[in-house]
Amino acid sequence: MKNSSQIVFVGLSGGVDSAVTAMLLKEQGYRVVGAHMKNWSKDIGGFECPWEDDYQEAKRVAVYLGVEFVLLDFEQHYFDKVVQYMLDEFRIGRTPNPDVMCNQEIKFKLFLEAAVDRGADLIATGHYARTHDGKLLRAVDDNKDQTYFLYRVTKDALDKTLFPLGELEKPQVRALATQAGLPNANRKESMGICFVGKIGIKDFLSEYIDTESGDIVEKGQVVGRHDGAIFYTIGQRHGLGLGGGMPYYVTGKDMEKNEVYVTRDLADQSLWSEYIDLTSPHFIDSSYGPSSLEGVTLQVRTRHRADFVDCVVAAGSSETSPIRLNLSSEIKALTPGQSAVLYRADECIGGGIIA
RNA sequence: UCGGAGAUCGUCUAAUGGUAGGACACUGGGUUUUGGUCCCAGCAAUCUAGGUUCGAUCCCUAGUCUCCGAG
C-alpha cells in the first residue's frame, strides 16, 4: 500500500470521532498507533473523573482495530500549561478558552513531539478540520467545524498532521463507526472542558480559587448579589438569580470592586462592540502579521459556531494589542480572554485573544 | 401624623363576577470539544378577616403592609 511506510500516531480519546479517524487511516494503509493522552485524572467535588473510562474505551478501540496502543501521561505538563493558564485568566476577570490552549500546547506540540520521538512520521486527531499545504481549512461539515479551537497551531505542526474527518459529515462518521462495529459507536458525545468531565466550571474553579460575594449592579443601582465575580462572563444571562420582565445580561465586571455589571436593555451600548483589540496574535503562516495584513478584509469569528463577520485589519492601539479589527457590523457581548479567529474564505489563518 | 395610591407565582406583570395568562428567575432536557449564547419542557401566585352573591382575585367593610405627596 502507498502509505505503508508511514507511521501515524492517532490521538484516541475514547470517543467515536477519534476511533473512526484511526480506522480510516488504517484502511488507507498507514501504520497506526493509537495514543491516549492522560491529561487529568483527579476527582473533584464529588464528580468522578472520567479518565479511567476514557482510557479503557480508547484501548478497546485499539484492540478492536488491531493497532498498537500507547498511553502518554501529560498530566503535569497539562496542569502547568493549560490549567494554570486558565486559572490565572479567571483570576484577573477574563474568560479563557482552555481547549485552544490545549491544542496549542498539548495536542499539536507535546503530543507531536512525543509521537515523533517514538518514531512517528505523522499525527492525526479526530478534529473536524482540513489541512492543505500547511494551511488550515474549515471542515466540510459546517456544523462540526473545529478550526476555531485550532487557530493557534503552527504550520510546522499542520505539515505533520492528518484530519481525515474534515472531509466527512458527522452523520457519516457515526454510520462508519456503526458499520465497522466499533465498540464505542454509540457512545454519547462528551462535552465540557476536555479533561474535566461532567463537573461544571463553577465547581472546578471553586476548588482552586477563593471567592467572595459581591454586588450585581445595573445603571449604578445594586440589584442583587453574586457569589464571586470570576464565575461570570460577559454576555451571560443565567445564574444571576435576577428576575422580573426582561432577562439580565452581564456587560462587564470589576475585579477590584468585586462587582458584576448587568443590563436588561439589549441595545445597551456596553453590550456591543464595533472593533476588537487583539492580544497575543498568532498566525499559522508566520509570514503573516499585523503589517502584512493591514487594510485587508477578513472574516472573524469570536466564538465557536458564531456567525462570521467581515472585518478590516488595522494597527493596534498598544504594544500589548498590536492588532485592531474594525467590524462591518457590531458584535454582541465580546468577551475578553476568548479568541477572535480570522478566516479568509475557507482558510483559517490565525487569530488572537480578545483584549 | 394627615391626604392619595396599591397589595396576584421567587421577581416584573396580565385578566374576567364563573378559582388566573405571560415574561424573568429557578430546575430538567436539547444544541455546542471553553466560558457563554440559543431552543424545548417543568415548577410556581390572587395579603388577612368578615360581608354581598348561586359563585369573588375582581364589589363592600375592617385590619396589616408598602409606596407617593405634604412635615
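Numbered from 1 within each chain, the chains take letters A, B, ... in sequence-line order. If you're wondering where the values come from, they're calculated on a predicted model, not measured in any experiment. Side-chain atoms are counted along with the backbone in the values below, which use heavy atoms only and exclude waters and symmetry mates.
- Using a 4.0 Å heavy-atom distance criterion, D145(A) is classed as making no nucleic acid contact.
- Pairing of rA62(B), defined by two Watson-Crick or G-U wobble distances under 3.5 Å, is identified with rU48(B).
- Remark: the separation of the C1' atoms in rU32(B) and rA14(B) is 36 Å, to the nearest Å.
- For F149(A) and H304(A), the gap between ring centers is short of 6.0 Å.
- Taking 3.5 Å as the limit, the base of rG36(B) and the side chain of T335(A) contain no donor-acceptor pair of atoms between them.
- Between the P atom of rG35(B) and the OH atom of Y148(A) lies a distance of 12 Å, rounded to the nearest Å.
- Counting non-hydrogen atoms of other residues, nucleotides and ligands closer than 6.0 Å to NZ of K135(A) gives a total of 12 or fewer.
- Atom CZ of R264(A) is separated from atom P of rA23(B) by 17 Å (rounded to the nearest Å).
- One P atom belongs to rG36(B), the other to rA49(B), and the distance between them is 45 Å to the nearest Å.
- Note that CG of D215(A) is 9.5 Å distant from OH of Y261(A), once rounded to the nearest 0.5 Å.
- We find that CE of M246(A) is positioned 13 Å from C1' of rU13(B), with the value rounded to whole Å.
- Taking the ring centre of Y249(A) as origin, the terminal cationic atom of K332(A) falls inside the region bounded by 6.0 Å and 45° from the ring axis.
- The listed nucleotides are rA25(B), rU37(B), rU34(B); the one nearest the side chain of P247(A) is rA25(B).
- For the pair L87(A) CG and rG35(B) P, the interatomic distance rounds to 14 Å; values are reported in whole Å.
- No contact: Y85(A) has no heavy atom under 4.0 Å from any strand.
- Going from the P atom of rG28(B) to that of rA5(B) covers 46 Å, rounded to whole Å.
- No donor-acceptor pair closer than 3.5 Å links the side chain of D254(A) to the backbone N or O of V260(A).
- The separation of rG4(B) from rU16(B), taken at their P atoms, amounts to 26 Å, rounded to a whole angstrom.
- Across every strand in view, rU57(B) sits unpaired, with no contact that passes the Watson-Crick or G-U test at under 3.5 angstrom.
- Proximity note for H238(A) (side chain, C-beta onward) versus rC26(B), rG36(B), rU31(B): the nearest is rC26(B).
- Atom name C1', nucleotides rC38(B) and rA45(B): the rounded distance is 29 Å, in whole Å.
- For rG35(B), there is no paired nucleotide, since no Watson-Crick or G-U wobble pair has both relevant distances below 3.5 Å.
- Aromatic ring centres of F74(A) and W40(A): separated by at least 6.0 Å.
- Comparing the same atom, P, in rC40(B) and in rG22(B) gives a spacing of 13 Å after rounding to whole Å.
- L205(A) places its CG atom 9 Å from the C1' atom of rG35(B), with the value rounded to the nearest Å.
- Among the atoms of the strands shown, only primed sugar atoms or phosphate atoms (P, OP1, OP2) are found under 4.0 Å from some heavy atom of K144(A).
- In this structure, rU27(B) and rA41(B) make a Watson-Crick or G-U wobble pair, each of the two defining distances being under 3.5 angstrom.
- Judged by closest nucleotide on RNA chain B, L242(A) is the one of Q236(A) and L242(A) placed further toward the 5' end.
- What separates CZ of F90(A) from P of rG36(B) is a distance of 8 Å, to the nearest Å.
- Residue G224(A) is out of contact with every strand shown, counting any heavy-atom pair closer than 4.0 Å.
- Remark: rC67(B) base-pairs with rG4(B). Criterion, Watson-Crick or G-U wobble with two distances under 3.5 Å.
- The same atom, P, is picked in rG17(B) and in rA7(B); the two are 16 Å apart, to the nearest Å.
- The P atoms of rU57(B) and rU52(B) are separated by 15 Å, rounded to the nearest whole Å.
- Side-chain contact check for E89(A) versus N97(A): every heavy-atom pair is 4.5 Å or farther apart.
- When Watson-Crick and G-U wobble pairs are counted only if both distances are under 3.5 Å, rU19(B) pairs with no nucleotide at all.
- For D99(A) and rG35(B), the CG to P distance is 8 Å, given to the nearest whole Å.
- The base of rU34(B) sits with one of its N or O atoms less than 3.5 Å from a complementary donor or acceptor on the side chain of Q338(A).
- Both Y232(A) and G241(A) lie near RNA chain B, and the one whose nearest nucleotide falls closer to the 5' end is G241(A).
- Nucleic acid contact for Y249(A): sugar-phosphate only, since backbone atoms but no base atoms lie under 4.0 Å from a heavy atom of the residue.
- Straight-line distance from the CZ atom of R237(A) to the C1' atom of rG36(B): 12 Å, rounded to whole Å.
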